[in-house]
S.K.: 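Below are the structure tokens for one structure; questions will follow.
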Amino acid sequence: MHLGKYLRDSPDDVDEVNANNFQVNVYRITMHCSKGSSYKVEIAAFQTDEEARLAALRSYDILDSAEDEIFDEIARLSGSLCEAPMVMISLVDGNRQWFKSHIGIPVTETPRDISFCQHAIMQRDIFVVEDARLDPRFADSPLVTGVPGVRFYAGAPLITPEGYAVGTLCIMDTAARFLPAAQYEVLKTMSQQVVAQLELRRSKVVIEQAETELSKKNLAIAEAETEITNQTGFLATVMDSIAEGIYTLDESGRLTYINRSAQTMLGWTQEKLIGKKMHDIIHYQHPDGSPLSWDNCTLQSVLTTGVVLRGHEDFFVRRDGTMFHVLCSSSPIVVDGAVTGLVLAFTDDTERKRAEQERIDREHQLQTLANNVGALLARIDRNERYLYCNQVYQQLLGLTSGEILGRTLLEVHGAAIYDKVRDYVTQALSGMAVTFETTISDSKSAARNVHISYTPEYGLDGEVDSIVMSAIDVSERRRLESQLAQAQKLEAIGQLAAGIAHELNTPIQYIGHNARFLQEGFGDIAKVLEAYAVMTTVARIGQPSPNDLKKLDSIIGDADIDYLTTEIPSAIAQSLAGTERIAAIVGAMKEFSHPGSKVKSPVDLNSVLESTAVVSKHNWKQVAEMVMNLDPSLPPVCCLPGEINQVFLNIIVNAAQSFAMNEGEEQTPLGKITISTKMVKIGDCDYAQVRISDTGSGISPEVLPRIFDPFFTTKDVGMGTGQGLAISHDIVVKKHKGTIECESELGRGTTFIICIPTAEYGAR
């Protein structure tokens, strides 16, 4: 009986009462809330015979049956009348609850120990949980904390005429609420309708079984009559048609009957053997040729002891003197309590023995192969105990097979490694094939990256009974991939270098030109100032002469003061603009070249995109215009800044190159590259979405599925390694638990959609 963990603990007190001929325990339990408060609840648990309850459930022959419109209609009507988004007709089996009908929830069954219904079947009345989050019995249930997020539950037990609660008609909601009286009556009435349908089904099953049994009995009677009528000829025909060799001996070991198959296998006819001692003809020697006496013959012991001989391996001699392996069984023929002979059935076991030897040889070959592959191979059962491990596995752990087999994963590897693989083992035992990578280290060797696969194996009952585990050390592969990623990043930086130099060269040139102009202009202004100084001195001591004034006018005219006063401010403004342009490019380069880090940190993706657009401007400014639609409310995203920069750069450069591929026509209009950001919801998690679209050449449907494959590229030799998008996929999906998708139409453009979780736990 499943009373749940709270009833298994020591309650404050228990009252035992009787209700409707059922023993009822009323448990009073103190519930403690997470914030320190506590309150008492009473739980009425009916003490029923669980085996009898399960037998009552199975008598309906309904578990795992096909969908039934009658039950679905009851569920739909119940949900409509009770205004509930989720309705189930739940049948509670030994370790699961199975849904005959389920509205608003996609699964067909859940484990019993997390279900609400296991509590409801202990009631005689409707079991209601108004807010599961506030109920300590259910607050931690995955049905409450995860999908579907149950807050409200009401379940009417399905009570059979014998008084057993085999399940519930239950309604659930994702919002807390109470159950009105009208809905209470609806649920109770509908549960009775479900039981009525179950009873109708059971009646049909009983009738069908009775009809089947009657049909079988009638058929048996007819067959018996036929057998009695044709017994002699029928038995002879049957005996001669079966593949097994059959013969009978009397109490002295003489042949009384032999069928056609036995004659064929032995090479003798019935006429030659009838009345002869079979031991002297077919069983007189051992395989090595040494004689075998009748007194030591195994078949003789059947006659003397009356003990049945089954599955006995032996050798018979053919008429031509050759021996062959047989598998035989023999039973004594007993009349009035006395052994009067024996019947023996045998088959030529040569092929089976050959197949068995081939199987042994094949297993040996497979064992040799498994022990010589570079991968670690092992099998564990449902209890996580080792059933097999190859020699590579043993060598890696420094243990013998005897020290591994029969022990659990935890016992062999210790808690540190077991904690890394435990969740994956659980998934595999539930029937899911799992592959993952983890880092493993021990006191004898350095840390290494290991790629592990868990593949479930199913037993004859269709349940997972073991897991095949394989693992390979991918440390060297990851090191090479890291080198390839660095090479690709250097390739991208190399492509940007010339463009950045060009972007810096233009403002530096006009700053230099303006500086030289200012230098020359300052010389002319200095001459004018010097002439004014002389004229000022002359004016202090007397009246300037006409020649002095003429000389001053000549100096002012040579200096072209009007031109300088007009052009110098413009030159200064141009120089300042050039300086600001250089500062913007340098700032963008500084932000883009953020040093790589293995630790994620909050990053402003809008700022990252703006900087990437600046440093890549030389790649796109001649072929496209850039449009930025960035959401200013986008929160910081926890990521690796340097690697995210690389993803955006790869995609923007690819977009620019898609326009370059269309070059050839004169005066081709500029394309458009659009970058936008916004927040999106995927499941229960928040993601920052970045869309980078272009109006370029697009990608053909044949190529699109392969764009993220390593080393795949449609560019000419020397134009790229084919690693850019593969590395981008690895960065987004594996390192940031995000998603990257591509939508494209040939001749109309391409859009890359990148979603990165805003928190570390985003895409579990």
Side-chain angles (χ1 to χ4, degrees), residues 1-2 20-22 46-81 87-103 105 107-110 112 115 117-118 120-126 155-171 185-229 460-463:
M1 182 174 180
H2 298 266
N20 297 328
N21 297 321
F22 285 88
F46 279 74
Q47 302 296 308
T48 63
D49 184 340
E50 178 67 4
E51 292 300 323
R53 190 193 71 81
L54 291 175
L57 169 61
R58 287 159 189 162
S59 70
Y60 292 109
D61 191 25
I62 194 170
L63 290 175
D64 300 311
S65 61
E67 294 183 358
D68 194 318
E69 180 59 28
I70 293 177
F71 290 101
D72 290 343
E73 183 61 28
I74 293 174
R76 282 194 294 268
L77 183 58
S78 300
S80 176
L81 295 176
V87 186
M88 279 79 66
I89 297 177
S90 172
L91 301 172
V92 182
D93 202 356
N95 57 9
R96 63 167 178 160
Q97 62 172 353
W98 179 78
F99 305 139
K100 176 59 181 174
S101 181
H102 51 100
I103 309 298
I105 183 169
V107 298
T108 58
E109 64 178 65
T110 63
R112 175 173 173 174
S115 69
C117 296
Q118 70 167 334
I121 63 172
M122 299 175 193
Q123 310 289 325
R124 299 292 97 176
D125 209 339
I126 295 178
L158 305 177
I159 302 175
T160 69
E162 298 84 9
Y164 297 109
V166 296
T168 68
L169 170 63
C170 60
I171 60 174
E185 292 301 324
V186 166
L187 201 59
K188 190 171 183 179
T189 300
M190 289 301 181
S191 70
Q192 294 169 354
Q193 289 301 313
V194 173
V195 173
Q197 291 299 324
L198 290 175
E199 285 299 307
L200 180 60
R201 180 186 178 91
R202 180 160 62 179
S203 298
K204 291 180 179 178
V205 170
V206 171
I207 293 172
E208 290 173 355
Q209 289 176 344
E211 291 176 347
T212 301
E213 288 299 320
L214 181 59
S215 176
K216 288 180 179 178
K217 289 180 179 179
N218 290 336
L219 180 61
I221 292 172
E223 290 176 347
E225 291 174 349
T226 301
E227 181 179 0
I228 294 172
T229 304
L460 296 177
D461 59 358
E463 299 292 329

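Remember, predicted model here, so these are calculated numbers, not experimental data. Numbers for residues simply follow the sequence, beginning at 1.
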S.K.: Using the side-chain contact (heavy atoms from CB on, under 4.5 Å) rule, take R202 and L198 through it: C-alpha gap first, then chi angles, then the decisive distance, then the call.
M.R.: CA-CA 6 Å; R202 180 160 62 179; L198 290 175; over 6 Å; no
S.K.: Could you check whether R112 pairs with E50 (Lys NZ or Arg NE/NH1/NH2 to Asp/Glu carboxylate O, under 4.0 Å)?
M.R.: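 Yes, charged N to carboxylate O under 4.0 Å.
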S.K.: Taking all non-hydrogen atoms of both residues, which atom of G163 and which atom of R124 are closest, and how far apart?
M.R.: O-NH1, 3.0 Å
S.K.: How about E67: does its CD atom have over 12 heavy atoms from other parts shown lying under 6.0 Å from it?
M.R.: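 Counting other residues, nucleotides and ligands, CD of E67 stays at 12 neighbours or fewer.
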S.K.: For the backbone of E208 and the side chain of T212, can you confirm whether one donor and one acceptor N or O come within less than 3.5 Å of each other?
M.R.: yes
S.K.: Please give me the minimum heavy-atom distance between D49 and Y164, naming the atom from each residue.
M.R.: O-CE2, 4.3 Å
S.K.: Between H102 and M88, is a side-chain contact (heavy atoms from CB on, under 4.5 Å) present by the stated rule, with each step listed?
M.R.: CA-CA 4 Å; H102 51 100; M88 279 79 66; 3.9 Å; yes
S.K.: Is the shortest heavy-atom distance from the side chain of E109 to the side chain of D93 under 4.5 Å?
M.R.: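 E109 vs D93: side chains apart.
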S.K.: Regarding K188 and E185, does a basic nitrogen lie under 4.0 Å from an acidic carboxylate oxygen?
M.R.: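 Judged by the 4.0 Å cut-off on N to carboxylate O distance, K188 and E185 do not form a salt bridge.
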S.K.: Please answer whether the main-chain N or O of R76 pairs with a side-chain N or O of S80 as donor and acceptor at a distance below 3.5 Å.
M.R.: no
S.K.: Kindly give the heavy-atom pair with the smallest separation between S78 and V87, and that separation in Å.
M.R.: CB-CG1, 4.3 Å
S.K.: Looking at every heavy atom in both C117 and T168, which two are closest together, and how far apart are they?
M.R.: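 In terms of heavy atoms, the two residues are closest at SG-OG1, 3.1 Å.
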S.K.: Which heavy atom in L57 sits nearest to a heavy atom in V92, and how many Å separate them?
M.R.: CD2-O, 3.3 Å
S.K.: Between K100 (side chain only) and D64 (backbone N and O only), is there a donor and an acceptor less than 3.5 Å apart?
M.R.: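 Side chain of K100 to backbone of D64, a donor-acceptor pair under 3.5 Å: no, none is there.
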S.K.: Taking R201 for the side chain and D61 for the main chain, is one N or O donor matched with an acceptor at less than 3.5 Å?
M.R.: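 Yes: the side chain of R201 pairs with the backbone of D61.
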S.K.: Show your working on side-chain contact (heavy atoms from CB on, under 4.5 Å) between Y60 and L91 and close with a plain yes or no.
M.R.: CA-CA 11 Å; Y60 292 109; L91 301 172; over 6 Å; no
S.K.: Is there a side-chain contact (heavy atoms from CB on, under 4.5 Å) between L63 and R96 once you walk through the steps?
M.R.: CA-CA 11 Å; L63 290 175; R96 63 167 178 160; 4.1 Å; yes
S.K.: Once rounded to the nearest 0.5 Å, what's the spacing between atom OG1 of T189 and atom CG of L169?
M.R.: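 Going from the OG1 atom of T189 to the CG atom of L169 covers 10.5 Å.
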S.K.: If every non-hydrogen atom of F99 is compared with every non-hydrogen atom of V107, which pair is closest and at what distance?
M.R.: CD1-O, 3.4 Å
